[in-house]
2 protein chains.
Amino acid sequence: MSKYGLIRDVAMQLRLLQQSFDAFDEAAAARLGLNRTDLRALDLVLANDGPFSAGELTRALKISPAATTTVIDRLERAGLVTRTRDAENRRRVLVTATDTAREVERDIYLPVGEAGARALRGYSGEQLTTILDFLQTARHVQETQTARLSENPAPPPGR
Amino acid sequence: MSKYGLIRDVAMQLRLLQQSFDAFDEAAAARLGLNRTDLRALDLVLANDGPFSAGELTRALKISPAATTTVIDRLERAGLVTRTRDAENRRRVLVTATDTAREVERDIYLPVGEAGARALRGYSGEQLTTILDFLQTARHVQETQTARLSENPAPPPGR
DNA sequence: GCAGAAGGTTTCGAATGTCGAAATATGGCC
DNA sequence: GGCCATATTTCGACATTCGAAACCTTCTGC
């Protein structure tokens, strides 16, 4: 296949991959009866070792402090996290994953990591290096374009 | 670097790439004053050549028919799409991108594609083949895992 | 041809998630 | 000790989504 064709295919597969990530998140949320924001919050709390403060969640999720409170409320009600005041700074609230959340992690997230690692073992070290480079390049492109959108003032629509 | 380390890095970069896609969508939505659902709908209408029917949008976006109606309402009010009855089947409503929407496409989406293609030109045909294979494999893993989540009944939480 | 079923979209009311602003509580500073 | 900054929560308002019912249009069987 021509290089031009390959490039087009890569772009298309990247798009499809994006969609498959999206579908996975959706399925995970449905399985837990959570919305996407709650799931992202749970994911953050699980991934981080050591608890997350409410404010950190607010920043990581890019939602308002008010919304964060209700996210934590819902996760707490679902038995997935606990709320404790930080002993060192009693203004802060620490969010900690419960054992139930760890079971969820084992059920949902660990298998993905394992399956992914298994699939990657089929590539040579050189190929993995190429893949890694590609992923970094793709991210760089996205970030540059995101910055372009954010920084430039929007052109007057309908100009 | 060890192969094991490379595999870990690939997993991490994949996660970061996902986040950068997300950030791009968010910036694009903010630039247009649309929510994410509306943006996805616009993207679909732009990507498809030939108009999208309301029902197709409902299925593609995985939202209710009622929600689709309001999505089209908002896009129409923003001057980005037009609603027309399908002449061949007057029950259906066809959604067509306007010229304004095409300007948006040129402003937002085309530059990403161009920057991406430019970046990919730096890879050899062999490398691109590896990348393409990797993307397909990654998608397959995600889809398999999504199916696992969807099909298996959820294990009783807090067992 | 026409009655009734099926298809496609919209309207309506209710539920949910998000926000900004104000309130509350704690910590740091002269 | 009073005052400003930090961290979270409460409150009321707004936007988005849904399910159910309503409304046309098309198809089917007779």
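Proteins come first, then strands; the chains are lettered A, B, ... in the order of their sequence lines, and each starts at number 1.
The phosphate of D/dT8 has neither OP1 nor OP2 within less than 4.0 Å of any side-chain N or O from A/R90. Listed pair A/R85 / D/dA7 fails the phosphate criterion, with no side-chain N or O lying under 4.0 Å from OP1 or OP2.
In the helix from C/dG1-D/dC30 to C/dC30-D/dG1, the terminal helix axes, each the rotation mapping four pairs' C1' atoms onto the next four within five end pairs, subtend 10°, rounded to 10°.
Judged by distance alone, the side chains of B/Q145 and B/R148 do bring a donor and an acceptor atom under 3.5 Å apart. A donor-acceptor contact closer than 3.5 angstrom links the side chains of A/Y123 and B/T137.
A straight line from CZ of A/R36 to C1' of D/dT17 spans 15 Å, rounded to a whole angstrom. The CD atom of A/E26 sits 13 Å away from the C1' atom of D/dT17 (whole-angstrom rounding). The interatomic distance linking B/D86 (CG) with C/dT9 (P) rounds to 9 Å, in whole Å. Look at CD1 on A/I63: it is 16 Å from C1' on D/dA15, rounded to the nearest Å. Between the CG atom of A/L34 and the P atom of C/dG17 there is a distance of 10 Å, given to the nearest Å. In this structure, B/N35 atom CG and C/dC19 atom P are separated by 13 Å, rounded to whole Å. What separates CD of A/E76 from P of D/dT9 is a distance of 9 Å, to the nearest Å. For the pair B/I72 CD1 and D/dT16 P, the interatomic distance rounds to 15 Å; values are reported in whole Å.
Atom CG of residue B/L42 and atom OG1 of residue B/T37 lie 12.5 Å apart, to the nearest 0.5 angstrom. Here the CD-CZ distance, from B/Q19 to A/R139, works out to 8.5 Å after rounding to the nearest 0.5 Å.
Summarising the local packing, NZ of A/K3 is surrounded by more than 12 heavy atoms from other residues, nucleotides or ligands at distances under 6.0 Å. Within a 6.0 Å sphere centred on CD of A/E126, heavy atoms belonging to other residues, nucleotides or ligands number 12 at most.
The side chain of B/A66 has D/dG19 as its nearest neighbour among C/dC19, D/dG19, D/dT17. Nearest to the side chain of B/R74, among D/dT17, C/dT9, D/dT9, sits D/dT17. The side chain of B/P65 lies closest to C/dT9, out of C/dT9, D/dT10, C/dT18. Among the nucleotides D/dT10, C/dT11, C/dG20, the one closest to the side chain of A/S64 is C/dG20.
B/L61 approaches B/R40 most closely through the heavy-atom pair O-NH2, 3.2 Å. Taking every heavy atom of both residues into account, A/R36 and A/A29 meet most closely at CD-CB, 4.2 Å. Nearest heavy-atom pair across A/V141 and B/A119 is CG2-CB, 3.9 Å. Scanning both residues, A/M1 and A/L6, for their nearest heavy atoms gives SD-N, 3.8 Å.
Proximity of residues 38-52 of chain A to DNA chain C (heavy atom under 4.0 angstrom from any strand atom) is not detected for any residue.
Within 4.0 Å of A/R83, counting heavy atoms only, lie sugar-phosphate atoms of the nucleic acid but no base atom.
Of the two residues contacting DNA chain C, namely A/T37 and A/A87, the nearest-nucleotide position lying further toward the 5' end is that of A/T37.
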Using a cut-off of under 3.5 Å, enumerate the N/O to N/O pairs linking the protein to nucleotides 2-8 of chain C.
from: C/dG7; atom 1: O4'; to: B/R91; atom 2: NH1; distance (Å): 3.3

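Both A/L32 and A/V95 are members of a single hydrophobic cluster when ILVMFWY side chains are connected at heavy-atom separations under 4.5 Å. Under a hydrophobic clustering in which Ile, Leu, Val, Met, Phe, Trp and Tyr are joined whenever their side-chain heavy atoms come within less than 4.5 Å, directly or via other members, A/V93 and A/V81 fall into different clusters.
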